[in-house]
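See structure below.
Numbered from 1 within each chain, the chains take letters A, B, ... in sequence-line order. Model, not experiment: these values are computed from the prediction.
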2 protein chains.
Amino acid sequence: MTGDDTFDIAPDWVDGETKALEAPHDHRAELRLWLRLLTCSTLVESEVRRRLREEFDSTLPRFDLMAQLERAPDGMVLGEVSKRMMVSPGNITVLVERLTESGHLSRTTLPTDRRVQIIALTPFGRAEFEKMAARHADWISDLFAGLAPADGGVLMDELAKLKRSVIASLAKGG
Amino acid sequence: MTGDDTFDIAPDWVDGETKALEAPHDHRAELRLWLRLLTCSTLVESEVRRRLREEFDSTLPRFDLMAQLERAPDGMVLGEVSKRMMVSPGNITVLVERLTESGHLSRTTLPTDRRVQIIALTPFGRAEFEKMAARHADWISDLFAGLAPADGGVLMDELAKLKRSVIASLAKGG
DNA sequence: CGGAGAAATTTCAAGCTTAAAATTGTTTTG
DNA sequence: CAAAACAATTTTAAGCTTGAAATTTCTCCG
C-alpha cells in the first residue's frame with residue numbers, strides 16, 4: 001500500500017473533491033498518535049487495576065462508581081451515574097448490586113417516582129473510598145513523577161485540544 | 001476511571017513559576033491530567049468499538065489481534081502476540097479460537113516444539129483486515145482532524161515523556 | 001535413561017461491558 | 001378515564017478480561 005501510485009490515475013468523471021475524499025490520505029501521524037495515547041492510558045490503567053485488586057481486593061469500576069458518589073452526599077440517581085461514568089445503565093445495575101451487598105452503598109426508591117433509584121455511599125463505604133482514593137492519588141503521582149510540571153501543563157492543554165476535536169467530530173459525523 | 005473530566009480549562013497554575021502550590025500531598029494536578037488522558041482515550045476507543053461493530057460486526061480485540069499479525073506474514077507465536085498486545089495468554093486463546101472458526105486465522109503447531117502454536121492471517125483474514133484497517137484509519141483521522149499538525153507533534157512528544165515516566169516508575173518497583 | 005523443573009498454552013471461575021428486549025411506573029392525550 | 005407514549009431500570013445473551021490452577025511438552029542434569 002505504501003509507495004504505490006495506483007491512485008494517482010483517476011477516471012475523468014471523478015472531480016477534484018471526490019477524488020480528494022477517496023485518495024489514500026496519509027493517516028500515519030494520527031494513527032501513531034492514537035496508539036501512543038492508548039499505550040499510555042493502558043499502562044496506567046492496568047497498573048491501577050492491579051493495585052486496587054492487590055491492596056483493596058476491589059476493582060476500577062467499583063472505585064469509579066464510589067468516586068462519583070463521593071461528591072453527592074445526598075446520593076445520585078442511577079441514570080445520572082450511568083451518564084457521568086459513560087457506561088450503559090445495565091452495567092450500573094450490576095455494580096450497585098455488588099456494592100450494596102458489601103455494605104458500601106445504600107439504595108432507595110424515590111417515593112414520588114417509584115421508577116427512580118437513588119444510591120449513596122454509606123459511612124462505611126465513604127471511609128473505605130477515602131482510603132482507596134488516597135492511595136490512588138499516590139500511585140498516579142508516582143507514575144507521573146518523571147514528567148516535569150511544565151510538561152504536565154503542556155499535556156493538559158494539548159489533551160484539551162484533542163478532546164475538543166474528538167467531541168466536535170462525534171457531534172458532526174456520529 | 002472513565003468520567004466527566006470536569007476540569008476543562010487548563011490550569012494556569014501548572015507551570016514552573018508556581019511551585020509553591022505544590023505541597024507535598026497535593027496530587028491534584030497529576031490526577032486531573034490522568035482523568036483527562038483517560039477521557040480522551042475512552043472517547044476515541046468507544047467510538048472505534050462502536051463502528052467496528054456496526055460496520056464490520058467485529059470487535060476491537062479482534063482487530064488488534066489481526067493488526068499484530070498483519071506484519072508477520074509467516075505468523076507469530078501465541079506468547080509473542082500476548083506480550084505485544086499486553087493482555088493475558090488466556091485471553092489470546094479465546095480470541096484465536098473465534099477468529100480461527102470464522103476463517104480469519106490459521107493455526108499450526110510447531111513441529112519441533114509441540115507446545116508452540118503459530119497463528120497467521122489467512123488470505124481471507126488479510127483481505128478483511130485491510131478493509132477494516134482502511135476504515136479505522138479514516139475514523140481516527142476524522143476524530144483527530146481538529147488538532148493542528150503542530151499540536152499533534154507536541155502531543156506525541158509529551159506522551160513519549162509520560163510513557164517514559166510511567167515505565168520508569170513501574171520498573172523502579174511500584 | 002529418567003525425573004525435576006521450566007515453558008507454552010489452555011481451562012476455570014469470577015467479574016466487567018454492552019446492546020437490545022423486557023419490565024415497571026409515570027405522563028400525556030384523545 | 002384509558003390508551004399510548006415515554007422514562008428509568010433490570011434482564012438477557014454474548015463477548016472480553018484476568019489471575020490462578022491445570023495440562024502438555026520440552027530440557028537439563030545426574
Side-chain angles (χ1 to χ4, degrees), chain A residues 38 41-43 45-66 75-102 104-105 107-119, chain B residues 1-3 38 42-43 45-66 75-102 104-105 107-119:
Chain A
L38 189 56
S41 75
T42 300
L43 281 173
E45 194 176 328
S46 41
E47 184 64 10
V48 169
R49 284 181 195 275
R50 197 177 66 71
R51 295 190 187 181
L52 280 175
R53 183 174 44 72
E54 287 191 355
E55 288 194 26
F56 298 100
D57 193 26
S58 188
T59 68
L60 193 48
R62 293 178 193 189
F63 178 77
D64 287 345
L65 177 45
M66 290 195 278
M76 207 181 271
V77 174
L78 278 196
E80 178 63 16
V81 178
S82 161
K83 268 176 221 144
R84 293 209 193 191
M85 291 179 67
M86 304 196 292
V87 301
S88 65
N91 195 338
I92 300 295
T93 297
V94 179
L95 288 175
V96 168
E97 236 160 54
R98 305 255 158 92
L99 282 170
T100 303
E101 273 172 32
S102 62
H104 294 80
L105 260 55
R107 134 192 254 166
T108 327
T109 300
L110 191 69
T112 61
D113 185 340
R114 286 182 324 212
R115 292 170 305 180
V116 176
Q117 300 284 323
I118 292 173
I119 55 178
Chain B
M1 225 12 122
T2 52
L38 190 57
T42 301
L43 280 173
E45 194 176 327
S46 42
E47 183 65 11
V48 169
R49 285 181 194 274
R50 199 178 64 72
R51 295 191 188 179
L52 279 175
R53 183 175 43 72
E54 287 191 354
E55 289 194 25
F56 297 101
D57 192 28
S58 188
T59 68
L60 192 48
R62 293 176 192 191
F63 178 76
D64 287 343
L65 178 46
M66 291 196 277
M76 206 181 272
V77 174
L78 278 196
E80 178 64 19
V81 178
S82 162
K83 268 177 223 147
R84 293 208 192 192
M85 290 179 69
M86 302 196 291
V87 301
S88 66
N91 195 336
I92 301 296
T93 297
V94 179
L95 289 174
V96 168
E97 236 160 52
R98 305 253 158 91
L99 282 170
T100 302
E101 272 171 31
S102 62
H104 293 80
L105 258 55
R107 137 192 251 165
T108 326
T109 299
L110 191 66
T112 61
D113 185 341
R114 286 179 326 208
R115 291 171 305 181
V116 176
Q117 299 284 323
I118 292 172
I119 55 178

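- Atom CZ of residue Arg107(A) and atom OG1 of residue Thr100(A) lie 5.0 Å apart, to the nearest 0.5 angstrom.
- Applying the side-chain contact (heavy atoms from CB on, under 4.5 Å) rule to Thr108(A) yields no partners; only residues at least two apart in sequence or on another chain are considered.
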In a table with atom names and distances, give each donor-acceptor pair under 3.5 Å that connects a side chain of residues 85-95 of chain B to protein atoms at least two apart or in another chain.
residue	atom	partner	partner atom	Å
Ser88(B)	OG	Asn91(B)	N	3.4
Thr93(B)	OG1	Pro89(B)	O	3.4

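- At a threshold of 4.0 Å, the pair Arg51(A)-Glu54(A) does not count as salt-bridged, since none of the basic side-chain nitrogens sits closer than that to a carboxylate oxygen.
- Regarding contacts with the backbone of dT24(C), every side-chain N or O of Arg114(A) stays at 4.0 angstrom or more from both OP1 and OP2.
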For Thr109(A) and Val116(A): C-alpha separation, side-chain torsions, deciding distance, then whether side-chain contact (heavy atoms from CB on, under 4.5 Å) applies. CA-CA 6 Å; Thr109(A) 300; Val116(A) 176; over 6 Å; no
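- We find the CG-CE distance between Leu65(A) and Met76(A) to be 9.5 Å, quoted to the nearest 0.5 Å.
- Take Arg49(B) and apply the side-chain contact (heavy atoms from CB on, under 4.5 Å) test, not counting sequence neighbours, and it matches Glu45(B), Leu60(B), Pro61(B).
- The salt bridge (Lys or Arg N to Asp or Glu O under 4.0 Å) analysis of residues 81-98 of chain B, with sequence neighbours excluded, yields the pairs Glu80(B)-Arg84(B).
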Along nucleotides 10-18 of chain C, 5' to 3', which nucleotides get a B, which get an S, and which get a -, given that the test is a protein heavy-atom distance under 4.0 Å? BB---SSSB
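- Using a 4.0 Å cutoff to heavy atoms of chain A, the contacted part of DNA chain D runs 5' to 3' from dA7(D) to dG19(D).
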